[in-house]
Amino acid sequence: MAGLFYKNCFVIGIIVLNFKAMVDFDYVLFDLETTGLSPTNSKIIQIAAIRMINGRCLDSDMFFSYVNPGCPIPPWITHFTGITNKHVNSAPTVQEVILQFSKFTGNSTLIAHNAHRFDMRFLEAVCTQSRLPIRVVPYHDSISLSWMLWGRQNHRHGLDAIVARLGIACDNYKRHDARGDVLLLAKAVEIMWKKLEHAGMPVRLPVYHGLLPRI
DNA sequence: GCTAGGCAGGAACCCCTCCTCCCCT
């Protein structure tokens, strides 16, 4: 597929598929918890992922690890996420964890919420700052599904707003913990795709390309 | 009590720059 620039996005192509075609792909949905918002100044402290095959998320096929950030976790982040220094002190380094995450991902396409502006930038920052041997992986941003369903301008598209619109009960998910968030995201993605299918809307998801350690 | 960085998109203007908002932890 030919490469192109789309409004300064690193977009390689636009996949135009219907739902039946899309479910033939394997996806890995993932979520990060970090010590802040900036990929250059903040560190990853949790990674969780779940595999989606044939349009269904496999609860039994998950990846999870704490990450030792090599620095104290700011108190407001502990307050926000519930992740303490005790959780991460004995955890593996980020280089070790994202290598394992890369192995778990395999040849699947990644999906995360706000991936293009947040999660993938953290993974790319680790790869480049650590000078790890890298590979290019395709990914989607699940925020695109929400834009398609409800329109970009008229609604909010944060994960909380989406799950509220979908009527998903959050009680069963521990928010702001990567495991809880990725399960909630998986549920939301499953429902949004089904809604698009039932509405007969063609799924046009931008395909971005990011970096993971070479496996 | 402490809460940040940067993309994307729009406006204004003429293709860059500036501004504001979203969204993530």
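Numbers restart at 1 for each chain; the letters A, B, ... are given by sequence-line order, proteins then strands.
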For B:dT20 and B:dA12, measure between their C1' atoms and round to the nearest Å. 14 Å
Within the 4.0 Å heavy-atom criterion, would you say A:G36 contacts the bases, only the backbone, or no part of the nucleic acid? base
Nearest-angstrom distance, C1' atom, B:dC23 to B:dT3: 15 Å
Would you mind telling me which of B:dC24, B:dT25, B:dG5 lies closest to the side-chain atoms of A:N114? B:dC24
Using a 4.0 Å heavy-atom cut-off across all strands, classify A:D181 as base, sugar-phosphate, or nothing. sugar-phosphate
Nucleotide B:dA4, atom P - distance to CD1 of A:I73 in whole Å: 19 Å
Please report, rounded to the nearest Å, how far the P atom of B:dC7 is from the CE atom of A:M120. 16 Å
Taking the six-membered ring for Trp, are A:H176 and A:F80 parallel (under 30°), tilted (30 to 60°) or perpendicular (over 60°)? tilted
Whole-Å distance separating the CZ atom of A:F122 from the P atom of B:dC23: 18 Å
In whole Å, what is the span from the OH atom of A:Y208 to the P atom of B:dA8? 7 Å
Is there a side-chain contact between A:T105 and A:L212, using heavy atoms and a 4.5 Å cut-off? yes
Starting at the 5' end of DNA chain B and moving along, which residue's nearest nucleotide shows up first, A:L159 or A:L37? A:L37
Rounding to an integer number of angstrom, what distance separates B:dC19 and B:dC7 when you compare their C1' atoms? 14 Å
Could you check whether the rings of A:Y66 and A:F64 sit parallel, tilted or perpendicular, using 30° and 60° as the cut-offs? perpendicular
For A:E124 and B:dC7, give me the distance from atom CD to atom P, rounded to whole Å. 12 Å
Does A:H116 make a side-chain N or O approach to OP1 or OP2 of B:dA8 shorter than 4.0 Å? yes
Let me know the distance between NZ of A:K43 and P of B:dA4, rounded to the nearest Å. 20 Å
B:dC18 and B:dC22: how far apart are their P atoms, nearest whole angstrom? 22 Å
C1' atoms of B:dC15 and B:dG9, separation to the nearest Å: 15 Å
If you check every side-chain atom of A:R117, which of B:dC23, B:dG5, B:dT25 has the closest atom? B:dC23
Span that lies between the P atom of B:dC2 and that of B:dC16, in whole angstrom: 42 Å
So which nucleotide does B:dC24 pair with, by the Watson-Crick or G-U wobble rule with both distances under 3.5 Å? B:dG5
A:L184 CG to B:dC24 P, in whole Å, measures 11 Å
Give none if B:dC15 has no partner; otherwise give the nucleotide forming a Watson-Crick or G-U wobble pair with it, both distances under 3.5 Å. none
Aromatic contact between A:H113 and A:F118, with the criterion being ring centroids under 6.0 Å apart: yes or no? no
When the C1' atoms of B:dT17 and B:dC13 are considered, how many whole Å apart are they? 10 Å
Of A:E33 and A:N41, the one whose closest DNA chain B nucleotide lies more 5': A:N41
Kindly point out which of B:dC7, B:dG5, B:dA4 is positioned nearest to the side chain of A:R121? B:dC7
A:R152 side chain N/O closer than 4.0 Å to the phosphate oxygens (OP1, OP2) of B:dG9? yes
May I ask you to say what A:D160 touches in the nucleic acid, namely base, sugar-phosphate or nothing, with a heavy-atom cut-off under 4.0 Å? nothing
Could you measure the distance from the CD1 atom of A:I53 to the CG atom of A:L58? Nearest 0.5 Å is fine. 5.0 Å
Applying the side-chain contact (heavy atoms from CB on, under 4.5 Å) test to A:L110, which of A:Y27, A:F30, A:Y208 qualifies? A:F30
When rounded to the nearest Å, what value does the distance between C1' atoms of B:dG6 and B:dC21 take? 12 Å
Quick one: label A:I45 by what it contacts on the DNA or RNA (base, sugar-phosphate, nothing), any heavy atom closer than 4.0 Å. nothing
Taking the inter-plane angle between the rings of A:F63 and A:F104 on a 0 to 90° scale, is it parallel (under 30°), tilted (30 to 60°) or perpendicular (over 60°)? tilted
note: A:I143, atom CD1; B:dC21, atom C1'; distance rounded to Å ~ 12 Å
